Structures are given as C-alpha cells and as structure tokens.
Amino acid sequence: MSVAGRAAVSRGILLRLREQLEFTKKGQELLKMKRDHLASETNKLLSKVAERNELDRRLMQAYESLKAAYLSLGYTGLQSQAAAVDKMEIRVRPRSIMGVMVPEVLIEKKANTNSVSSSSASQAAVELNNLMEDLIKLVEAESRLESIAHELMMTNRKVNSLERVMIPGLLELISYVEGRLEEESLEEFFRAKLVKQVIRRGKK
Amino acid sequence: MRSPSTIYLVTRTHGLRTHLLSSENVKTMAKSRNISEIVDLLMRSDYASEIGKLPSDEIDSVRLEKIFLNKLTERFFILARNAGGKARDFLDAYVKRIEVENIKRVLRAKHAQEKIEEHNLIPLRREYTLINFPALTEAKNVEEMVSLLRETVYAPLNERLDNYKRVELSIILESFLEGIYFGRVWERIKGLDNRQGPKRLVGEESDLRNLQLMLSMKMRNIAPTLIEEMSIPTFYRLRKERLTELARGRLEDAPGILAGTPYNKIMEEVIKTPNSAINLETVLSRRIYQNASFALRNLFLEFGYIVAYLLLCEREAKNLVTITTAIDLKFSEEDLQRRLFL
C-alpha cells in the first residue's frame, strides 16, 4: 500500500510535507558529507595499517636482538637489565571524528633505555622502544578504523534509505496531495459556476 | 720464592680445575636437541647433586641457570675460604664481583621503582656477604638503598648520588660500583708476593670493561663528558688519556686511537662485526676468557693460575646459561657455537 493512500489532504499538510522534504534533503546532504569525510579518514588510516608488514619485519628483528641479549645475559640478568628501563607513559582519551568516538593514544613520556648497562640488552631495548611507538600508532589506527568502518556502514545505510525510500516516498506523497488539492479546487470552481447558474435562472 | 700458602692454594686449584667441564663437553652440550639431553650430560658433572633435586618435569633453562650460578658462587668462595693472609684479602675482594652484580641488580630495580625479590639475584649465602640484601630489596628508592650501604665498602656511592639525580641514569652508579670493585682488587694485588699474573688478568679485565662501557655509551650517543665520568679508574695498558680521546672521538676512529695498545685488533673486530652493539659483550668477554685460558696453561705454579681458574668458572657458568637458553629459544647450532666462549 502506498504512503499516499493513507494521507489526509489539505494545504497545510502539503506545506508540512514540502518542509519535511526540504529537511530530509538537507539531512541527506549532511549524511553524504559525513560519509565522504569518514571514507577519506578510512583511506588515510588504511595507509597506516598497510605499514603492518614492515612493523612485523622490524618486530622480528627486535625479537632477534632480544634473543641475543637473553642468550648472553641469561634470564635473571636480562630481567635485571629490563628493570632499569624507565617506563613509557601513555594516556588514552576519546576523540570525536564526525560524531564517531575513537580512541586517541597520547605518549606522555617515552621510555628511557639509557640506563641499560649491557650493550646487547640496550640494543634490544632501543629497537623495541622505537617499535613500541609505531605499534601504539598502529593499534590506534586499527581501532579507529574499526569504529569508523562501522559508522561508515551505518551512514551509508541511512543515506541509501533517505535516497531510495524516504525522499521518493515524500515526493510521491507531495504529488498525490498536490493532485488531490488541484482536483478539489476544480470541483470547487465547477460547484461555484453551477451555483451561479442556478441563482441566475431563479432571478429570470 | 712462593709462600707455602700460595703453593697450597695453587695445588688446591689444580685439583678443582679437574671439575670444570672440558671444551669437548661444552661442544657436545651445544649439539643437544633438548634440555633433557643437556641434563643427562650434566648428571656426570658437579651439577648432578643440585639437578638431581629437581623434579624432571620442572627442569627448564631458568631453574638450571640458578643452579649454574649457585655452583659458580660456591666455587668462588671455596678458594677464598681456603686462603690465608694477603691471598685471602685479594680473593675476598675478587669474589665480591658477585656481590657487586647483585647490588647493581637491586640498583636497576630501585631506579625504575620496580619490585625486586631475592630470587632475582645471584644466589649468595649470608655468610659470603656483609650486605643486607633483604633490606636493600625493601628500600623505597635509590637514595634509601645507597644510605643502607653507608657502613660498607660501597659507602663512596653516596658521593655520586647528586650526579645520578642530575642525569637520572643508574648506569652512573653502576660504573662507580665497578670502579670501587676494581680499585679494591687492584689495591690488594699489591700485597701479593706473586703479583704479575693477577695484575695482568685483572688489569686487562678492567681495561676491557672500560672499553665496553665507553663503546656501549658511544653507540647510544651519550655526552662525552658523562662517558669520561663513568670510566673505571683502574688503568692497566689503556691509559686514561686514550680513554678520554675515545670518549671524545668518533666510534669509527676507535681502532686508530687504540693503536699501540693490545686492544686495537679487538676494536677492529668489534667495529667490523655486524650488529656490533649486540656482539660487543661477547667479543670483549671472549678476550677476557682467552687471557684466562692462556694464563691457565702458562702460569702453572703462579698465583695467576687461581685468578685464571676463577675466570674459567665464570666462563663455564656463562656457557651453560647460553646453551640452555639457546636450546629453549631454539637457536641454530651454528648461532650457538658463535656465542660460546671456548
């Protein structure tokens, strides 16, 4: 059953429907803008996520250095060297990108590996420390991408429903109401004509 | 002429030396496919009694490391306890390297405000040390820890506390501890009748430690003044001026700066090696143990034989830790062989 079949018909309703159509079109425009912005944000993040392979390679290299340090210092020795590293401090805060809440990771203090006295442990610590920053950035990008991709999908659905259901429905309703109002005004015109003729005949 | 106590001690060391694992034993262990194969081989050595106490399913490289370090401590202190007079003074000072390593471990943990427990230290029985390690591990920070050491030979550490606070690097205090250690050992060498051998072994070790410290700091781009400050003030064949030059110069120029010293070849080797930071310790430690092996063959009836033996005990512990760790981490046999001190 079409939307038009159930609609009441009056000039006021036509005005309201036209306002609603205007509002929906504006909403659609905004949602399209949001979709484009989210898509460009996704593209940016995708290039960051593509660095994962390089990070994997560097991680393996750092792991090899760590293994070498482990080998020359033993478990307790390496554990003790690791204790000398001043810990990294990070803060995670929410950030809004077009209304989508994404995590933002801020490195407040970098880890200081200068106190590691063993050269092999220090090398491993430096490599891992450099990597840690990039790993955090990658994790941030991946979690952002996840939230944005979800929102992008939802926005796309909304744009599609406005474009394919809501706006055509409103247009159909408006043209129905316009048609009905035109018919009614014609009926009114003929009725007035008939009334005038009847009055004229009565005078004669 | 050697004193009877030195002769006794050297003879005793000859006996103890037979308990060390031979290079062949170590090579065979390095070919093992798993920890249980190594354990089988170790059951025929001095480690058997300790390993035998472990349930077979609980044997891993971490537990074995404890056993190896425990044995090392025992071997160090057996000789010190059997010595007398000036030899005892020297050996008492020499075996303090284990105590120093433990202090450094506590220091690192306190610097980063990490929790440390006694099982994180090299096993050292209370009778072997005057340091109250349980109290040190409980200290709230580096300052409190240093204050707990004020009645010990490490009291001068307090003088470096301001420097430490200024640069916030625990390595400043670590190198100072090494300085105290080598200073005391060097001082006691002077009291020995037969000092040439120990002097060479300890002196070269101190030089090589200085080199290790310098290069490792240079690789991290630490300020030259700070590097100079950290040097161990016990110089044997590497004069202070050379070290200063080394601290101020470029890393690539190190072999040139060391020309005319016995260390220029080793420096070339370090610079040429890929991943020199990783291999620095291995290359320099190898030189220390090569010196010890040489002394063991040539200073047959000298006091240097004892120092060489102690260094070789350390080498054995390091080799065993390396082998068991490498087996656990599934290192290839070639990689492992390259890291062994044979």
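Everything numeric here is computed off the predicted structure, so don't read it as measured data. Below, chains carry the letters A, B, ... as their sequence lines are ordered, and counting in each starts from 1.
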Would you please say whether a donor-acceptor pair under 3.5 Å links the side chains of A:Ser118 and B:Glu281? yes
Okay, B:Phe68 and chain A: the region with an atom under 4.5 Å from a heavy atom over there is neither
Residue A:Ala68 versus chain B: region with a heavy atom under 4.5 Å: both
Are the side chain of B:Arg220 and the backbone of A:Asn114 linked by a donor-acceptor contact shorter than 3.5 Å? yes
Please classify the contact of A:Val126 with chain B as side chain, backbone, both or neither, using a heavy-atom distance under 4.5 Å. neither
Interatomic distance, A:Lys67 atom NZ to B:Asp328 atom CG [nearest 0.5 angstrom]: 11.5 Å
More than 12 heavy atoms from other groups under 6.0 Å of CZ on B:Phe331: yes
So which heavy atom on B:Glu65 is nearest to which on A:Gly77, and how close? OE2-N, 4.2 Å
Does a sphere of radius 6.0 Å around CE in A:Met98 hold more than 12 heavy atoms from other residues, nucleotides or ligands, not counting ones at 6.0 Å or beyond? yes
At a heavy-atom separation under 4.5 Å, does B:Ile116 approach chain A through its side chain, its backbone, both, or neither? neither
More than 12 heavy atoms of other residues, nucleotides or ligands under 6.0 Å from CZ of A:Arg164: is that the case? no
Rounded distance (nearest 0.5 Å) linking atom OH of A:Tyr63 with atom CG of B:Leu329: 6.0 Å
Heavy-atom cut-off 4.5 Å, strictly under: side chain, backbone, both or neither for B:Lys115 against chain A? neither
Quick check for you: to the nearest 0.5 Å, what is the distance between B:Arg108 atom CZ and A:Ser117 atom OG? 4.0 Å
Is it the case that over 12 heavy atoms from other parts of the model lie below 6.0 angstrom from the NZ atom of B:Lys66? yes
Below 4.5 Å from any heavy atom of chain A, which atoms of B:Ile323 appear? Answer side chain, backbone, both or neither. neither
Is A:Ser115 reaching over with its side chain to a backbone N or O of B:Ser170, donor-acceptor style, under 3.5 angstrom? yes
Quick check: does any side chain N or O of A:Thr76 sit under 3.5 Å from a backbone N or O of B:Asn120, one acting as donor and the other as acceptor? no
Nearest heavy-atom neighbours spanning B:Ala112 and A:Ala83: CB-O, 2.6 Å
Of the listed residues (A:Gly74, A:Ser72, A:Ser65, A:Ala124), which shares the most heavy-atom pairs with chain B below a 4.5 Å separation? A:Gly74
Within the structure provided, determine whether A:Lys87 and B:Glu114 are in side-chain contact (heavy-atom separation under 4.5 Å). yes
Does any backbone or side-chain atom of B:Glu168 lie under 4.5 Å from a heavy atom of chain A? Answer side chain, backbone, both or neither. backbone
Do B:Leu169 and A:Asn112 have side-chain heavy atoms sitting under 4.5 Å apart? yes
Is the number of heavy atoms from other residues, nucleotides or ligands within 6.0 Å of CZ (B:Arg166) greater than 12? yes
Please check if the number of heavy atoms outside B:Lys218 that lie under 6.0 Å from its NZ is greater than 12. yes
Output for pair (B:Leu280 CG, A:Ser122 OG), nearest 0.5 Å, gives 10.5 Å
Within a 6.0 Å radius of atom CD on A:Glu146, are there more than 12 heavy atoms belonging to other residues, nucleotides or ligands? no
If you take all heavy atoms of A:Ala84 and B:His111, which pair is closest and at what distance? O-CD2, 3.4 Å
Let me know if B:Arg105 has heavy atoms under 4.5 Å from chain A in its side chain, its backbone, both or neither. both
Surrounding CE of A:Met154 (heavy atoms of other residues, nucleotides or ligands, distance under 6.0 Å), is the total greater than 12? no
Residue from B:Val321, B:Leu340, B:Thr282, B:Thr322 passing side chain to side chain contact (heavy atoms under 4.5 Å, CB included) with A:Leu71: B:Thr322
